Amino acid sequence: MSDPEPGTYKVAEVKTAPFDARFPNTNQARYCWQGYIDFHRCTNIRGEDYEPCQYFKHVYRAMCPKSWSDMWDEQRESGTFAGRV
Amino acid sequence: MATPAQLGLMDAASPVMEEMIYFHDHVMLVLILITCLIFYSMLVLISSKYIYRFLTDGHVIETVWTVIPAIILVVVALPSLKLLYLTDELDNPQLTIKSVGHQWYWSYEYTDYYDIEFDSYMLPLGDLSKGDARLLEVDNRVVLPVDTSVRVLVTAADVIHSWTVPSLGLKMDAVPGRLNQLALQCSRVGTFYGQCSEICGANHSFMPIVIEAVPVEVFEGWCDMMLDEE
């Protein structure tokens, strides 16, 4: 699940975040938030190298606008993040 | 895109828009039949020199003109509801893109496995080439593969905008703090234009949306090109 090299990108190989029955609404903000929380909780418990955590990273990268995840990264660093990770 | 003096809808470029056009035609048929019937009745009544003796009382006719409109309303409502739920359906998306409204431009993100981000500004008059559409062309188009199910997540960074592409049958408000989901599927190659549809300030009219639907291989080449540039 690493970033592709230029010249190797194939649509058929891309699997974006799938439909999640927990978030059936038009507003998908909660899906993005949950993916972000799950990834950081997962790595806090299992460590950065634990491969299954990457699934959540993939989900939140696909679902969250960059400005949202960057803002949350800054908040985690400064200790003001609202979620439990 | 729309042309001057165009009366009908734009040609459909997605299955949902095709359904919308069928629904439009269906409702127009019902409307025209009713209008013709009413005008015919009015004409006959006005031009007749006879006076109807039982004008103030008629149980049968009252029952008929209550039941028939009720049936007509059901005939209109059922396909309308079907279409409503169809537009909400997201069929196992292959790609996700994000569209963020700003005052006054759109920015796009393709971040499934790679990071492609760009802003899409309207081209000013001086930069247009011959044949370009005034107030509709942008510097960076949204390039998407045809016949691929795409999830579009629409949000805004400042005020409410609305991301709209009529020929694909899409319109979604971009609300700060919300991440509204749209299902997009282009059924043919082409360039599709849209404009912001929520008054968002002084340059509301000058933040168009341009989608370029291309074959999958071309899309892959475009992604590689964008990755190379970064």
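From a predicted model like this one, the values you see are computed outputs, not experimental measurements. Per chain, numbering begins at 1; letters A, B, ... match sequence-line order.
Interface summary for chain A: among B:Gly221, B:Pro145, B:Gly177, the most heavy-atom pairs under 4.5 angstrom belong to B:Gly177. Counting heavy-atom pairs under 4.5 Å between each of B:Asn92, B:Leu182, B:Leu179, B:Thr96 and chain A puts B:Leu179 at the top. The residue among A:Phe19, A:Trp68, A:Tyr31 with the most heavy atom pairs within less than 4.5 Å of chain B is A:Trp68.
The closest donor-acceptor contact from the side chain of A:Gln28 to the backbone of A:Phe23 lies under 3.5 Å. Although no hydrogens or angles enter the test, the distance criterion places no donor-acceptor pair under 3.5 Å between the side chain of B:Lys171 and the main chain of B:Trp163.
Proximity to chain A is limited to the side chain of B:Leu153, based on heavy atoms less than 4.5 angstrom apart. Both the backbone and the side chain of B:Glu220 come within less than 4.5 Å of a heavy atom of chain A. Contacts between A:Pro65 and chain B at a heavy-atom distance below 4.5 Å involve backbone atoms as well as side-chain atoms. For B:Thr155, the part lying near chain A is the side chain, with the backbone staying farther off; criterion is any non-hydrogen pair under 4.5 Å. Heavy atoms closer than 4.5 Å to chain A are found in both the backbone and the side chain of B:Asp112.
The distance from the CG atom of B:Leu136 to the OG1 atom of B:Thr191 is 11.5 Å, given to the nearest 0.5 Å.
The closest side-chain heavy-atom distance from B:Ile209 to B:Trp106 is below 4.5 Å. You'll find the side chain of B:Gln185 stays beyond 4.5 Å of the side chain of B:Thr148, heavy atoms only.
Of the candidates B:Lys98, B:His102, B:Glu117, B:His102 is the only one forming a side-chain hydrogen bond (donor to acceptor under 3.5 Å, both in side chains) with B:Ser107.
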